[in-house]
Structure formats: C-alpha cells, structure tokens
Visitor: 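Here it is: the structure, laid out below.
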Amino acid sequence: MALIAGSAVLALVSCRQGAGESDFKYQIDEFADLRIIRYRIDGWEDLSLKQKEYVYHLSEAAKWGRDIYWDQNGQYNLRVRRVLENILENYDGDRDCEEFKDFTVYAKRVFFSNGIHHHYAEDKFFPSCSEEYFMSLMQAVGDGDKCGEMMHVIYDRGFLPSRKSTDPDTDIVAASAVNFYEGVTRDEVEAYYASIADPDDPEPISYGLNTKVVKDADGRIVELPWKSGGLYGPAIDHIIDELEKAATVAENDLQEQYIATLVDYYRTGDLRLWDKYNIEWLNDTLGTVDFVNGFVEDYNDPLARKGAWEALVNITDHEASRRSDILSANAQWFEDNSPVDPRFKKAQVKGISAKVINAACLAGDCYPSTPIGINLPNADWIRRDHGSKSVTIANITHAYDYAAQECPKSTLTEFAWSKKEIELAKKYLTITDEIHTDLHECLGHGSGQLLPGTSPNALGEYSSTLEEARADLFGLYYCADPKMVELGIMPDAEAYKAEYSNYIRNGLMVQFSRVELGRPNTEAHMQNRKLIAEWCYEKGLKDKVIEKKVRKGKTYFVVNDYKALRGLFGDLLAEIQRIKSEGDYEAGKALVEKYAVHIDPVLHKEVLERYAALNLKPYGGFVNPDIIPVVENGRVTDYKVEYTDDYLGQMLKYGREYSAL
C-alpha cells in the first residue's frame, strides 16, 4: 500500500537545506492547481558502473509501462493524449494568444493526471478554450477527422464524469471511467469472482489483479489478461526486454532470480508467479538498488481488485535507514503492545524489513504524482507468512520541503491557532512526519491478521480507505509512545504533539483546499484522514479533546488534550482492525459514509477562500532526472544524470520514445 504525500505538500516545515542545494531550483512549473518539482538522485555518484547500468535498464523498463497506466485510467486517454501531442509538436499558428495558452494548460493537466480525470479528485476536468478553437487546432495538424469523437470525450460533462465512482446509489462499475470492466455490472463481476474463489485456500490468489473483465460473444463473463501476447502485450514486451538486460548486471543472484520470475509472470499472466516474485523480492534486503514494477495498487478500481501499473526504481540510503532498521527489529514489540484485540494480532511477526530510499525513476501510478512511502506486497497471506518490505522515499519528501521553502507563504501560519503551535511544528514536524510515515509503512500495513475464513476482499470498495486509516492510526498511536524516545527515534516526549496537531488540522480543514466546493471527499487517503479526525473530534467533543475555535471570522481546530487524543486513536485503531479481521463490510461502510465523505459546505468555502489568498498550489508532482549513457570509443563508460527543467518537454519526449500501444 502506498502512502500518498499529504501534509508534506500542504505545510511549510523547518529548513533542512543541505550543501549544494542553494543553487538548485526545485519548483520548475505551476498551472491550475498543480506545481511541478524536480528531485535529486542522492547517492548516484557512490554507485559502481554496474549498479548505474542496473538502475538505467530498470528505469527504461519503468518508462515503457507508461501507456498501460494511461489506458487503464480510461479507454479514450491514449487517443486524447496523441491529439494533444500532435498539436503541441506540430501546430505552427499563433502560440501566444490566450486560447492557445488555455489549451496548453489543459494539455499539461492531462499529462499530469495520465488522462482526462483529475489525478486525486477523480472528476473529469475541461479546457478553458472553446470547442471551436480546439477543433481548429486539430484541423490545423491533420486531425480534423477525429473532432467529433474528441469533442464528445473532452467537452461533454455528462460523458464519463468520474474516473472512479464512489456513489453508493449507482452501479459503481458501470459509472466508472476506468478501463477495467466493459459491458458488465457490479453484481455480475462480484458473482463471477465469488464463483472462482476458493475460500479454503490458505494462499489465495489475488483474483483479477491483472485482467480486464468483459463478456464474450455468448454473454459469459471472461477475463482478458494483461500479459505478453495479451492486452498491453506490446508494452509488456518492451518491459521484459529491459528487465532481462537489467538481470545481466544485477547486484546478486537473488535479484537475477526474481527478475526472471517477474518476466515469467509477464509472459504468462499467472498470478501464482506474481506471488512467487513478491516472496523472492521480499528476501532481497541486502542490495543497494531496488525496484517495483507491475500491476500493484487497487485504489483506482471501484471494486478494489485491479492493479494499476506502476514502477519505482530506487537506491538505498544506508545511513538514513538506521531508524527503519530499529523499527523493523522491534516489530514484535509493537505488535504485542498494539491496542487491538489479541485475536487480531500476529503471534509471530515475520520478515518485516524497512529502509529509506532515494528514487531514481518514477512511472505509471507513481508519476508525476508519487507516494512518499510504500509497503508491499499487498497480499495478506504473504504478509502473514513471509512479511513485508517498506520504504520511505527521502529525496521526494525533501524535494517537497525544499520547494515549499521557495514559496513565501504557508498553510501552517494560516491555519494553526497559536504561535506555540507554529513553533512546535517548525521544530519537530519534519522529523515527526517522516517517523509517522515509517510507522505507517513499516509496521502499520504489516500489522494484524485476518481471522480464518475472512476474505481479503470482504470490505469491497471501502477497503482502501479503511486500510490507509488502519496504518495511519497505528503510526499516530505509536508516535506518542515512550518507547519511541527510548529507541532513540523520537527526539523527545513533546515532539509527537506537532504531528497530532498537524494531522487534526489537515484532516478537518486544510486538505479540503484540494476539493471543489460542493463536491464530496472521494480520494482514499483524504477519506482516511477525514475519517480519523472527524471521529476523534466527535468522540472527544464532550471533554473538548479537540476544540473548534473561531477568531476574527476564521475557524481553527485545536488539540487540548494530547493524551486523550492518543487514547481515541487507539480506540479507532482497535475498531478498524476488528472490521478488517472479521470482514465486517457494513461496519466499515458506516464509518466511511458517516465520517469520510461529506464536507461541511460552510467550512469548505472558508478553507477554499483562505487557501486561495495564500496563492499556493495544493498538489505537487515530479519530473524524472534523465539518466544518460556516456559512450567513449563505442563503449559505455559511465551514466550521467541531468536534471530537466522542462515539464512539457519530458512529457512529449516520453510520448515519442516510450509509446507502444
């Protein structure tokens, strides 16, 4: 499960600028509600030539999967993208007029979202330029015959309005634009998977993770696999080719083995091989270079089954990983002392490993918007029997912070109640955010267990929100534990208060700067934060654990009793773990629908107005550095890194060089 950057984007925290950073500009572009940031590959020069070559081929494999993710997000996305690329590459008319500038902003938004729906809110967005002007651009570059279809797809507000529908009053499969299902209903899909699942299998397959569900000519439900020779085959063949090149320069035999297993999986679509690959990958804890590549997270699927394609290539920061090593070594203590029912705890925690990494290439579901931490694999039985691997992506969180420092204003000074709160945040929030991420990824997702007979898909469309809430609560609960100071992870017994205040402030207010007025809160990570903050506010209302205050017409939420708030975090963690362990769909639904979805319109309007006055962009994403072979006398002697400052240029380059579908 991936933890999407939240407070790291919305709060300006203390400076941690390092040597050589002052002449490196992080933010390179901004438009609409987005800003584009560069990240540095720290540790690159410490790699051997062989390791650099390994990173290079893994990164090429990552880039070749880009088209897959675009198509998964919607069946028209690649057609729209190619129209945009054609105009941007070939239009020779007036590019300085306002309408062409509006068109360019739309194109940038589509590139950022890997499709025509907002990457976070999941609603369809629209160009500011007129349909007539858009058609004139298409006609000028020879795409006039496509105008009818494109205008319908791009401008029709009633056509494919949501990438993923969460409306409980609709058929969320039929109402979603994602390209995972075609011509089928939710009831038909769920009945199909119920018919093929083996409830007694101790190692259940992640049914549907790498397929599209359709009806055949006879009206029967069938799955079309994403594999070589199947759907997405041409792109997957390029991925395989680069993975095989990477295997020849792998750091150790285990890496070579699990790459071979991954290649076999891509060739066959066999999910047992996917499980085998994940177990082998888990055992590689010594290599400096690591990667994720495949159909992984199910957040984009309304039924939480289909894996969005993603890739991340990274380099371990061995020095910074000491904190993660301590958490991993004490995983059993944290499990044993968790406030959940003993029935839902692991008697023996296995294979927990964690590290701090620096990203070298982001792709698919990780690009341009990327997580700041990852815990994999997602299969509960693999976590139970073999463990999990967690990473905190240091150079991404650092880049967010550096980019924030380039902005003159911050949400912290606007939404924090007191000078004391602000000082506490500036002193501690950088480190406590990282510690919370470590706890969330390293231990939170890997904690607990399902009761025998509980399906891993029992929570359906609510599973992603509840799983992120479970991991967040685990991290919040333990941030305040004296054990964290004893282990030397938390600087002192006061530091956690910065994290608590920031979490409540964000969950109850600040994050709604990302949601259009009148719209519900639909993204899983935002739902998770709202659920936790709203639940704790309500349960602590009598004792004013969290107090709503108003000053000069502005609303604030202030934590008055940090100890009591920790107790509430523990209570909610216990309940959500019960819901997951027992597969209590109705209880999970009730929590999400009551606390996570609906935003108070008066408060929402206030947040939007206050945030707008700051002139900040609520979302950030990244361009990749370019890794370039250095060739001398026909032989590669090195690989150099160049940091582009051209967001649109990188998007067009990827379209030219890595498009196979």
Side-chain angles (χ1 to χ4, degrees), residues 1-5 8-9 26-29 34-44 54-70 72-73 108 111-115 119-120 235 239 242-243 246 289-297 299-300 307-317 356-376 391-400 402-403 437 441 525 619-628 639 641-655 657-658:
M1 293 289 178
L3 173 65
I4 302 298
V9 182
Y26 280 84
Q27 183 167 317
I28 61 170
D29 198 0
L34 304 165
R35 57 194 176 125
I36 306 299
I37 305 166
R38 300 190 292 185
Y39 64 91
R40 300 181 68 142
I41 309 179
D42 299 319
W44 180 257
Y54 189 40
V55 172
Y56 173 76
H57 287 299
L58 291 174
S59 298
E60 292 296 291
K63 294 170 190 174
W64 275 111
R66 181 172 181 247
D67 281 1
I68 296 174
Y69 185 58
W70 277 76
Q72 287 183 317
N73 281 341
K108 287 181 176 182
F111 290 136
F112 191 97
S113 294
N114 298 284
H119 76 289
Y120 219 67
I239 295 170
E242 292 296 339
L243 288 174
V289 178
D290 204 351
F291 72 96
V292 174
N293 189 298
F295 304 104
V296 182
E297 303 291 356
Y299 297 113
N300 287 1
W309 191 90
E310 69 175 61
L312 168 70
V313 185
N314 62 80
I315 302 164
T316 301
D317 185 332
V356 176
I357 64 168
N358 291 309
C361 184
L362 312 168
D365 199 15
C366 293
Y367 171 84
S369 179
T370 188
I372 58 173
I374 295 174
N375 176 273
L376 293 171
V391 298
T392 300
I393 313 176
N395 61 338
I396 294 298
T397 57
H398 294 177
Y400 273 129
Y402 296 142
T437 300
E441 299 294 351
H525 297 83
Y619 300 102
F622 295 86
V623 289
N624 283 315
D626 294 318
I627 301 172
I628 302 170
Y639 291 84
V641 176
E642 293 185 354
Y643 296 98
T644 182
D645 60 1
D646 185 357
Y647 162 71
L648 198 55
Q650 182 163 101
M651 293 295 172
L652 294 174
K653 176 184 177 182
Y654 284 2
E657 299 181 4
Y658 300 101

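Index from 1, following the sequence.
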Visitor: Between atom CE of Met651 and atom CZ of Phe112, what is the distance when rounded to the nearest 0.5 Å?
Guide: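 Nearest 0.5 Å value for the CE-CZ distance: 8.0 Å.
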Visitor: Write down the atom of Ala62, the atom of Val313, and the distance for their closest heavy-atom approach.
Guide: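 Scanning both residues, the minimum pair turns out to be CB-CG2, 4.5 Å.
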Visitor: With a 4.5 Å cut-off on side-chain heavy atoms, are Val356 and Val391 touching?
Guide: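 Not in contact.
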Visitor: Would you compute the distance between atom OG1 of Thr316 and atom CD1 of Ile357 and round it to the nearest 0.5 angstrom?
Guide: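 So the OG1 of Thr316 and the CD1 of Ile357 are separated by 7.5 Å.
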Visitor: Any side-chain heavy atom of Glu642 sitting closer than 4.5 Å to one from Ile628?
Guide: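 The answer is yes; the side chains approach within 4.5 Å.
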Visitor: Kindly compute the distance separating CD (Gln27) from CZ (Arg38), expressed to the nearest 0.5 Å.
Guide: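 These two atoms lie 11.5 Å from each other.
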Visitor: Under 3.5 Å, sequence neighbours excluded: what are the donor-acceptor pairs made by side chains of residues 360-368?
Guide:
unit_1 : atom_1 : unit_2 : atom_2 : d
Asp365 : OD1    : Tyr69  : OH     : 2.8
Tyr367 : OH     : Gln650 : OE1    : 2.8

Visitor: Please identify each residue that fulfils side-chain contact (heavy atoms from CB on, under 4.5 Å) with Ala399, with sequence neighbours left out.
Guide: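 side-chain contact (heavy atoms from CB on, under 4.5 Å) list for Ala399, sorted by chain: Tyr26, Ile37, Tyr39, Phe622.
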Visitor: Does the side chain of Leu648 come within less than 4.5 Å of Asp29's, by heavy atoms?
Guide: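 Asp29 vs Leu648: side chains apart.
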Visitor: Got Ile239 and Trp309 here, is their nearest side-chain heavy-atom distance under 4.5 Å?
Guide: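 Result yes, sub-4.5 Å side-chain heavy-atom pair found.
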Visitor: Just verifying a value: how many Å separate Glu441 CD and Leu376 CG, rounded to the nearest 0.5 Å?
Guide: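 Those atoms lie 8.5 Å apart.
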Visitor: Determine, stepwise, if the pair Leu312 / Ile374 fulfils side-chain contact (heavy atoms from CB on, under 4.5 Å).
Guide: CA-CA 10 Å; Leu312 168 70; Ile374 295 174; 3.6 Å; yes
Visitor: Considering residues at least two apart in sequence or located in another chain, which fulfil the salt bridge (charged side-chain N to carboxylate O under 4.0 Å, His left out) criterion with Asp290?
Guide: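 Salt bridge (charged side-chain N to carboxylate O under 4.0 Å, His left out) check on Asp290 returns Lys355, Lys389.
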Visitor: When rounded to the nearest 0.5 angstrom, what distance separates CZ in Arg40 from NE2 in His398?
Guide: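 Between atom CZ of Arg40 and atom NE2 of His398 there are 13.0 Å.
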Visitor: I need the Ile36 CD1 to Leu34 CG distance, nearest 0.5 Å.
Guide: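 Answer rounded to 0.5 Å: 6.0 Å.
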Visitor: Apply ring-ring contact (aromatic ring centres under 6.0 Å, His included) to residues Tyr120 and His525 and explain how you reach the verdict.
Guide: CA-CA 9 Å; Tyr120 219 67; His525 297 83; 7.1 Å; no
Visitor: Please list, chain by chain and in numerical order, all residues satisfying ring-ring contact (aromatic ring centres under 6.0 Å, His included) with Tyr647, sequence neighbours excluded.
Guide: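 Partners of Tyr647 under the ring-ring contact (aromatic ring centres under 6.0 Å, His included) test: Phe31.
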Visitor: Can you list the residues that meet the side-chain hydrogen bond (donor to acceptor under 3.5 Å, both in side chains) rule with Tyr639, with sequence neighbours excluded?
Guide: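 With sequence neighbours excluded, Tyr639 shows a side-chain hydrogen bond (donor to acceptor under 3.5 Å, both in side chains) to no residue whatsoever.
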Visitor: Quick one: ring-ring contact (aromatic ring centres under 6.0 Å, His included) partners of Trp64, sequence neighbours excluded?
Guide: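 Partners of Trp64 under the ring-ring contact (aromatic ring centres under 6.0 Å, His included) test: His238, Tyr658.
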Visitor: Contact between Ile627 and Val55 at the side-chain level, heavy atoms closer than 4.5 Å - yes or no?
Guide: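 A side-chain contact under 4.5 Å exists here.
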Visitor: Looking only at non-hydrogen atoms, find the nearest pair between Asn395 and Ala359 and report the distance.
Guide: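 In this case the closest contact between Asn395 and Ala359 is OD1-N, 2.8 Å.
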Visitor: Kindly determine whether Phe295 and Glu310 satisfy side-chain contact (heavy atoms from CB on, under 4.5 Å), including the steps that lead there.
Guide: CA-CA 6 Å; Phe295 304 104; Glu310 69 175 61; over 6 Å; no
Visitor: Give the minimum heavy-atom separation between Thr370 and Tyr400, together with the two atoms involved.
Guide: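 Answer, listing the atom of Thr370 first, then Tyr400: O-OH, 4.2 Å.
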Visitor: Are side-chain heavy atoms of Tyr643 and Val623 found at a separation under 4.5 Å?
Guide: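 Of all side-chain heavy-atom pairs linking Val623 with Tyr643, none is under 4.5 Å.
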Visitor: Write down the atom of Ala308, the atom of Asn300, and the distance for their closest heavy-atom approach.
Guide: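 Ala308 and Asn300 have their closest heavy atoms at CB-ND2, 4.3 Å.
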Visitor: Listed by chain and number, what are the side-chain hydrogen bond (donor to acceptor under 3.5 Å, both in side chains) partners of Ser113, not counting sequence neighbours?
Guide: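 Once residues adjacent in sequence are excluded, Ser113 has no partner under the side-chain hydrogen bond (donor to acceptor under 3.5 Å, both in side chains) criterion.
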Visitor: Looking at Lys653 and Asp626, what are the two nearest heavy atoms and their distance?
Guide: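 Heavy atoms of Lys653 and Asp626 come nearest at NZ-OD1, 3.8 Å.
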Visitor: Can you list the residues that meet the ring-ring contact (aromatic ring centres under 6.0 Å, His included) rule with His57, with sequence neighbours excluded?
Guide: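 ring-ring contact (aromatic ring centres under 6.0 Å, His included) list for His57, sorted by chain: empty.
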Visitor: Begin from the C-alpha positions of Tyr654 and Lys63 and carry the test side-chain contact (heavy atoms from CB on, under 4.5 Å) through to its verdict.
Guide: CA-CA 8 Å; Tyr654 284 2; Lys63 294 170 190 174; 3.7 Å; yes
Visitor: So, for Ile396 and Pro371, which heavy atoms are closest and what is the spacing to 0.1 Å?
Guide: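 Closest approach of Ile396 to Pro371: CG2-O, 4.2 Å.
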Visitor: Check side-chain hydrogen bond (donor to acceptor under 3.5 Å, both in side chains) between Asn114 and all other residues, then give those that pass, not counting sequence neighbours.
Guide: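 Asn114: side-chain hydrogen bond (donor to acceptor under 3.5 Å, both in side chains) contacts with Trp70.
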Visitor: With a 4.5 Å limit on heavy-atom distance, are the side chains of Asn314 and Val289 in contact?
Guide: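 A side-chain contact under 4.5 Å is absent here.
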Visitor: The criterion is salt bridge (charged side-chain N to carboxylate O under 4.0 Å, His left out); which residues satisfy it with Asp645, sequence neighbours excluded?
Guide: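 Once residues adjacent in sequence are excluded, Asp645 has no partner under the salt bridge (charged side-chain N to carboxylate O under 4.0 Å, His left out) criterion.
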Visitor: Residues two or more places apart in sequence or in another chain: which of them pass salt bridge (charged side-chain N to carboxylate O under 4.0 Å, His left out) with Asp646?
Guide: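 Per chain and number, Asp646 pairs via salt bridge (charged side-chain N to carboxylate O under 4.0 Å, His left out) with no residue.
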Visitor: Do Trp44 and Asn358 come close enough that some side-chain heavy atom pair is under 4.5 Å?
Guide: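 No, too far: nothing below the 4.5 Å cut-off.
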